[in-house]
Q: 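Starting off with a structure, shown below.
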There are 2 protein chains.
Amino acid sequence: MADRNAANLMGRGESLLFLTDDQLRRGIEAMFFAYRGFTADPDRILQDYGYGRAHHRAIHFINRAPGTTVNNLLSILGVTKQSLNRVLRTLVEDGLVDSRVGTRDKRERHLFLTPKGAALERDLSEAQRNRMRDAYRAAGPEAVAGFRAVLEQMMDPDMRRHYVDGGDGQR
Amino acid sequence: MADRNAANLMGRGESLLFLTDDQLRRGIEAMFFAYRGFTADPDRILQDYGYGRAHHRAIHFINRAPGTTVNNLLSILGVTKQSLNRVLRTLVEDGLVDSRVGTRDKRERHLFLTPKGAALERDLSEAQRNRMRDAYRAAGPEAVAGFRAVLEQMMDPDMRRHYVDGGDGQR
DNA sequence: AGTTTATGTCAGCCTTGTTGACTTTCCAAG
DNA sequence: CTTGGAAAGTCAACAAGGCTGACATAAACT
């Protein structure tokens, strides 16, 4: 606690990186402010439908891995099944998600977006992609690799696997 | 909508960046998973105190700019005063935050961390800094610059000012 | 057949966001 | 010196989306 401005020499032979507390604080605040920007556009769209971020997340990952089970979704989203169920139920009721009983294991439900659900997904992801693309463009190509590298390190190790492979369908 | 895998040539003469929908999707998911990791450690600590993320955010920005007013905090946090007030009230009641009536303008309240509040702040920010430092180290120095550059672009423009300058105290 | 495990559902609670209505305190302009 | 408006705070009601606990059903394993 005495030497709060300790410098750090990186072992990669590339350059000197000063990880002062103030540098780290800026990184922390950058995450906070950027995440707000990141979710702002979808949030606006969702409001028109009476949905929230939880619905967006469910729709996103069902779209990425059609036919995924509820349990798989749970492990990705990191919420309780009760919490997810509430969101899923409204999406099924509103005809955005199709929930089909598993053939191999009838305990499971396989989830799919209906055409209506896929339409909303496109709206949401297009807005988010546009924001991401603009940020990438303004920051430049080298920045993108660094961005992804740091974020990947910031994840909990368990989550990294959901991130790297595209997420299984119904195997 | 026909050409979903459109390639993008960056105008910087540096390199070719392929911003496919899949590349952008990975960036989006990286943000989602990384933000969870980013908040996981503080969330655990806060639970012991019966506080939530809203308390953390208030404590963080009061620490960064001691003597800041409620209104300034509102513009940084982007919530309603009723929402912030509830959080602030519990922090004052619990003796973590000191709310002093302004001398120049007695309508304003200037906010400070008490020693007890500063202690919790250190706990929280130390955990978060450790996570950030580890991620930086593993990703390497070049990555850090890119990380910060992309995040800065992802913020809403209004927020960038709170990010760049350290945040005013009582001017 | 009976127990255990996996999965999904229902009910109720908490935090933290929202809006709306209102009061108090104060500064500053007419 | 009065009045208009900004800053701060309060109360009430509500919604989203976390949580835990209790429970139902299907499948799997003795």
Q: Could you check A:Val87 against A:Gly102 and say which one's nearest nucleotide on DNA chain D is further toward the 5' end?
A: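 Its nearest nucleotide lies further toward 5', so the answer is A:Val87.
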
Q: What is the ring orientation for B:Phe147 with A:Phe147, classed by angle as parallel under 30°, tilted 30 to 60°, or perpendicular over 60°?
A: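 Parallel, since the angle between the ring planes stays under 30°.
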
Q: Measuring from B:Leu77:CG to B:Arg57:CZ, what's the distance to the nearest 0.5 Å?
A: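 Reported value, rounded in 0.5 Å steps: 7.0 Å.
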
Q: Using 30° and 60° as the class limits, which term best fits the ring planes of A:Phe33 and B:Tyr163: parallel, tilted or perpendicular?
A: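 The rings of A:Phe33 and B:Tyr163 stand perpendicular, inter-plane angle above 60°.
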
Q: Only counting residues at least two apart or in another chain, list the ones meeting side chain to side chain contact (heavy atoms under 4.5 Å, CB included) with B:Asp43.
A: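 Side chain to side chain contact (heavy atoms under 4.5 Å, CB included) check on B:Asp43 returns B:Thr39, B:Leu46, B:Arg53.
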
Q: Taking only Lys NZ, Arg NE, NH1 and NH2, and the carboxylate oxygens of Asp or Glu, determine whether B:Asp21 and A:Arg129 approach each other closer than 4.0 Å.
A: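 Salt bridge between B:Asp21 and A:Arg129, a charged N being under 4.0 Å from a carboxylate O: yes.
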
Q: In plain terms, say whether A:Arg25 and A:Glu29 are close enough for a salt bridge, that is, a side-chain N and a carboxylate O under 4.0 Å apart.
A: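 Looking at A:Glu29 together with A:Arg25, the answer is yes, because their closest N to O distance falls below 4.0 Å.
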
Q: Which residues pass the ring pair (Phe, Tyr, Trp, His ring centres under 6.0 Å) test with A:Tyr35, not counting sequence neighbours?
A: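 If we apply the ring pair (Phe, Tyr, Trp, His ring centres under 6.0 Å) test to A:Tyr35, skipping adjacent residues, the hits are A:Phe38, B:Tyr35.
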
Q: Between residues 41-58 of chain A and DNA chain D, which residues have a heavy-atom gap below 4.0 Å?
A: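 Of all residues in residues 41-58 of chain A, the ones placing a heavy atom under 4.0 Å from DNA chain D are A:Gly50, A:Gly52, A:Arg53, A:Ala54, A:His55, A:Arg57.
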
Q: At a cut-off of 3.5 Å, list every protein nitrogen or oxygen paired with a nitrogen or oxygen from nucleotides 9-13 of chain D, distance to 0.1 Å.
A:
| residue | atom | partner | partner atom | Å |
| --- | --- | --- | --- | --- |
| D:dG9 | OP1 | B:Arg109 | NE | 3.3 |
| D:dG9 | N7 | B:Lys81 | NZ | 3.4 |
| D:dG9 | O6 | B:Lys81 | NZ | 2.8 |
| D:dT10 | OP2 | B:Asn85 | OD1 | 3.0 |
| D:dT10 | OP2 | B:Asn85 | ND2 | 3.4 |

Q: So, does A:Thr80 get its side chain near the phosphate of D:dC19, meaning an N or O under 4.0 Å from OP1 or OP2?
A: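 Yes, within the criterion.
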
Q: So, A:Arg131 and B:Asp156, do they make that salt bridge, N to O below 4.0 Å?
A: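 Yes, charged N to carboxylate O under 4.0 Å.
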
Q: Heavy atoms of chain B, cut-off under 4.0 Å: which first and last nucleotide of DNA chain C, 5' to 3', fall inside that, if you could look?
A: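 Reading along DNA chain C, I get C:dT16 to C:dC27.
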
Q: Mind checking side chain to side chain contact (heavy atoms under 4.5 Å, CB included) for A:Asn71 and listing every partner two or more places apart, or none if nothing turns up?
A: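 A:Asn71: side chain to side chain contact (heavy atoms under 4.5 Å, CB included) contacts with A:Thr69, A:Leu74.
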
Q: Is B:Glu93 atom CD crowded by more than 12 heavy atoms from other residues, nucleotides or ligands, each under 6.0 Å away?
A: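 For B:Glu93, atom CD is crowded (more than 12 foreign heavy atoms under 6.0 Å).
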
